[in-house]
Amino acid sequence: MSVDTSKVATTNADEPATVKKGQKAAGAVANWADERLGLAKATKTMSLRKVFPDHWSFMLGEIALWSFVVLLLTGVFLTLWFDPSMTEVRYNGSYDALRGVQMSSAYASTLHISFDVRGGLLLRQMHHWAAMIFIGAMMIHLLRVYFTGAFRKPRELNWVIGCLLLLLGTLEGFTGYSLPDDLLSGTGVRAADGFMKASPVVGTYMSFFLFGGEFPGDSIIPRLYVIHILLVPGLLLALITAHMVLLVYHKHTQWPGPGRTEENVVGYPLLPVYMAKAGGFFMIVFGTIALLGGLFTLNPVWKFGPYDPSKVTAGSQPDWYMGWPDGLLRIIPALETHLWGHTISWNIMIPILIMPPLMLTILIALPFVEAWITGDKREHHLLQRPRNAPTRTAFMVSLMTFYGLAWAAGGNDIIAIKMHLSINEITYFMRGAVFIGPLIAFVITRRWCISLQRADNDRLLHGYETGVLVRSPDGGYAEKHLPISPTEAFTLTARDRDEVYTPDPDADANGVSKRGARLAKVRSRLSQLMYADNVQKPTQEELHEGEHHSEHELHELESQIAAGPNRHGPSEH
C-alpha cells in the first residue's frame, strides 16, 4: 500500500524530507504565540476537556448570549447610518406623511434607516426584538438558576454578575429606545427628567448635568448615544466574559442522576459536539429574531412623529421590562412631605428611585442570606428540584407575583379601555393586590411544593399507579402499583436531608453570655421557618421495606393476570 506524503513533506530519497514553506511559517507563528501566551495548554485544559451536560433548561442562558450577539451585529449596522444629533432639520425623505416637518437629525436619520436604507427597517426591528429577548432570557435564566439552587457556593459571585447584567441590560434598553427622538421615546426621556428632579437636594443638579441645561436641551441624545454604544456595551462585554470564565472554572451544574456526583460532570465535550450544537442554536436564535423583525412591526416611530415637549402620546407604554416601576408609579397614592421649604415626593421616589434598587439588592443578597440561615458551607454542583426547596421556591414566586401585578398596573389605562372597566377601580384593586397577592402566592406555592414532596415519597415507597384494577375475593377493588425504575428512584433520592440550625448555649460554662447569642437565635428561628413542614426523603429501611412491598405487588399482579379470565392461551371452558 502506497502512502501519499505530498501534503506533509517533499523528498527525493537522496535528501531528507523538508516541510513546505507555508506550513513552516504557520508553525513558527503558532509556536511563537504559544511560548508567550500558553494558548495550547489553555485550550487543552480549559476548552477541549470542558464537558457540558445536556438539558433543555441550560439553553435559556444561551438564548440571552446569542441575542446579545445579534444586538452587537445589528447595532454596528445601525451605527453606520444613525445621526445622534438634536440639530433641527426639515425632513425631505420618502415618507410622505412627514415630508417638510421640522425634526431633529436623530429622528430624520431613524426615518432614513427605516425607509431609504436597504434592509434598514429589518435590521432596526431585529435590533429592538433582540433587546426584548435579551432581557427576557436573562430574567428566565436567573429564575432557573435560583429555583434549582445553582447560585449556591461556589457560584455566588456569578449570581451577582448575572444580577448586574440584568440591570445593565435594562439601562441599555432604555437608552436605546430613547435615541430615535420620536414622541413616544421623548415622553420616556421627559419622565426620566422628572424622576431625577424628584431626588431630594441633588435632583435638579443631576438633571441639569445630564441634559446640559434645562430640559430638553440639545445634548441628551448625543450623550445617550455614547452611553448606549460605548459605556454600557463595554460593561456588558466585560461582565459576560467574567460570567463565562467563572462558568468554565467552576464547571457546569447538572441535574442529579445515575453516575452524576458533586465531583464530576456527565455530558458532551466542548469540541466538537457542544460547539456544533451551540452554533446551530445561534442560527435558530438569529433566524427567530429575523422572522420577528420581518413579520411583526415594532416601535413604528413614523406613526408617533417628532418629539414635542408640549405633547404627550395617548396610551403611551414603555418597553415591557420598564413596565413594573411605571405600574407602581400609576397606582401609588399622592404622598408628599414638606420640610424646610422643600417638597419630598414619595409618590415618585418610592416606585422609581427606591423600589428598583431595593429589588436588585434583594436579588443580589439572596444567596448570602440563604447560606447564613442554613449554615451550608459546602460546594454544590448538583441542582435541586424546586419542590425540594419549598420556602426558596415560594419566596421567588412571591417576588414574581409582585413584579407581575406591578407590570399589569402599568397598563391600567389600556385594561380599562379594552375591558370597559373603571380605571379607578383597577387602581384601587392593584394597590391591595401588590401586597396581598405575593403573600397568597407564597402560601400556595409552599404548600404545593410540600405536597409534591409527599407524592415523590409515595412514588418511591409504593411505586406508580398502573391503572390495573384487581377485585379481591370479598368484592373490593384496588389499583395495583408497580415499582419505579432504578434511574427514577436514584433521581428522587439524590437530595440531602434538611438540617435545622441549632445555636450553641447562650452562656459558657462560667455563665458568661456569648457574643452574637441573640443573632444566633434569630438565625435558628429563620432556619426552622425555612424547613418547617418539609417532607424528608425516606430512610434506607423505609426504602427496603417499600421495595419488598413493590416486588410482592408485582408477583401478585402477575399471578392474578395469569390465573384470570384474560390470561393468554386457550380458555379451559
Side-chain angles (χ1 to χ4, degrees), residues 71 75-76 78-91 98 101-114 124 127-128 131 167-236 299 301-302 304-313 316 318-319 321-322 325-326 329 341-345 348-349 351-354 356-357:
L71 277 171
V76 170
L78 297 176
T79 302
L80 300 175
W81 302 98
F82 182 71
D83 181 10
S85 172
M86 300 184 70
T87 304
E88 290 289 326
V89 299
R90 187 177 299 274
Y91 178 69
L98 292 175
V101 175
Q102 289 287 124
M103 60 184 65
S104 66
S105 296
Y107 186 56
S109 65
T110 304
L111 294 176
H112 179 69
I113 293 172
S114 301
R124 189 179 140 258
H127 189 73
H128 206 141
L167 171 66
L168 289 174
T170 303
L171 179 61
E172 179 77 342
F174 172 76
T175 58
Y177 75 68
S178 300
L179 291 179
D181 201 29
D182 61 284
L183 185 56
L184 180 61
S185 65
T187 302
V189 175
R190 178 58 159 168
D193 174 62
F195 301 153
M196 282 185 288
K197 288 179 177 176
S199 303
V201 183
V202 298
T204 54
Y205 297 97
M206 292 169 57
S207 174
F208 192 87
F209 172 78
L210 181 62
F211 287 89
E214 290 295 329
F215 178 88
D218 57 4
S219 302
I220 185 61
I221 297 299
R223 292 178 179 181
L224 290 179
Y225 183 71
V226 172
I227 294 173
H228 184 72
I229 70 168
L230 289 178
L231 180 59
V232 178
L235 294 174
L236 284 171
N299 196 21
V301 295
W302 53 89
F304 307 140
Y307 178 63
D308 185 343
S310 64
K311 300 177 182 178
V312 176
T313 305
S316 59
D319 276 354
Y321 46 85
M322 297 295 293
D326 182 63
L329 181 68
H342 296 279
T343 300
I344 301 178
S345 301
I348 297 178
M349 289 184 58
I352 303 298
L353 303 179
I354 295 177

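Note that the numbering runs from 1 along the sequence shown for the chain.
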- Least distance between heavy atoms, S316 atom then T187 atom: OG-CG2, 4.3 Å
- Please name the pair of heavy atoms, one in F174 and one in A192, separated by the smallest distance, quoted to 0.1 Å. CZ-CB, 3.7 Å
- Task: Scan Y177, W302, Y307, Y107 and name whichever one has a side-chain contact (heavy atoms from CB on, under 4.5 Å) with D182.
- Result: Y107
- Note on the structure: Heavy-atom nearest pair, P233 first then E172, reads CG-OE2, 3.3 Å
- Note on the structure: Correct closest heavy-atom pair for P351 and P356 would be O-CD, 3.3 Å
- Check step by step if side-chain contact (heavy atoms from CB on, under 4.5 Å) holds for N299 and D319. CA-CA 9 Å; N299 196 21; D319 276 354; over 6 Å; no
- Query: Rounded to the nearest 0.5 Å, how far does CD1 of I344 lie from OG of S199?
  - Reply: 11.0 Å
- Which of these passes side chain to side chain donor-acceptor pair (under 3.5 Å) with D181: S105, S109, S104, S85? S104
- Output yes when a side-chain donor or acceptor of D308 lies under 3.5 Å from a complementary backbone atom of S310, and no otherwise. yes
- Message: Rounded at 0.5 Å granularity, tell me how far CD1 in I113 sits from CG in L78.
- Response: 5.5 Å
- Query: What is the minimum heavy-atom distance between R223 and L210, and which atoms define it?
  - Reply: NH1-O, 2.9 Å
- Nearest 0.5 Å please: distance from the OG1 atom of T87 over to the CE atom of M103. 14.0 Å
- Query: Measuring from M349:CE to I354:CD1, what's the distance to the nearest 0.5 Å?
  - Reply: 4.5 Å
- Task: Might you confirm whether atom CZ of F215 has over 12 heavy atoms from other residues, nucleotides or ligands at distances under 6.0 Å?
- Result: yes
- Message: Are the side chains of L71 and H127 in contact, using a 4.5 Å heavy-atom criterion?
- Response: yes
- Task: Can you measure from OG1 (T175) to CG (L168) and round to the nearest 0.5 angstrom?
- Result: 10.5 Å
- Task: Show your working on side-chain contact (heavy atoms from CB on, under 4.5 Å) between L184 and V301 and close with a plain yes or no.
- Result: CA-CA 8 Å; L184 180 61; V301 295; over 6 Å; no
- For L353 and F195, which heavy atoms make the closest approach, and how far apart are they? CD1-O, 3.7 Å
- Query: Just by modelled atom types, is the S114 backbone N or O under 3.5 Å from a matching donor or acceptor in the R124 side chain?
  - Reply: no
- Rounded to the nearest 0.5 Å, the OH atom of Y225 sits from the CG atom of L231 at a distance of 14.5 Å
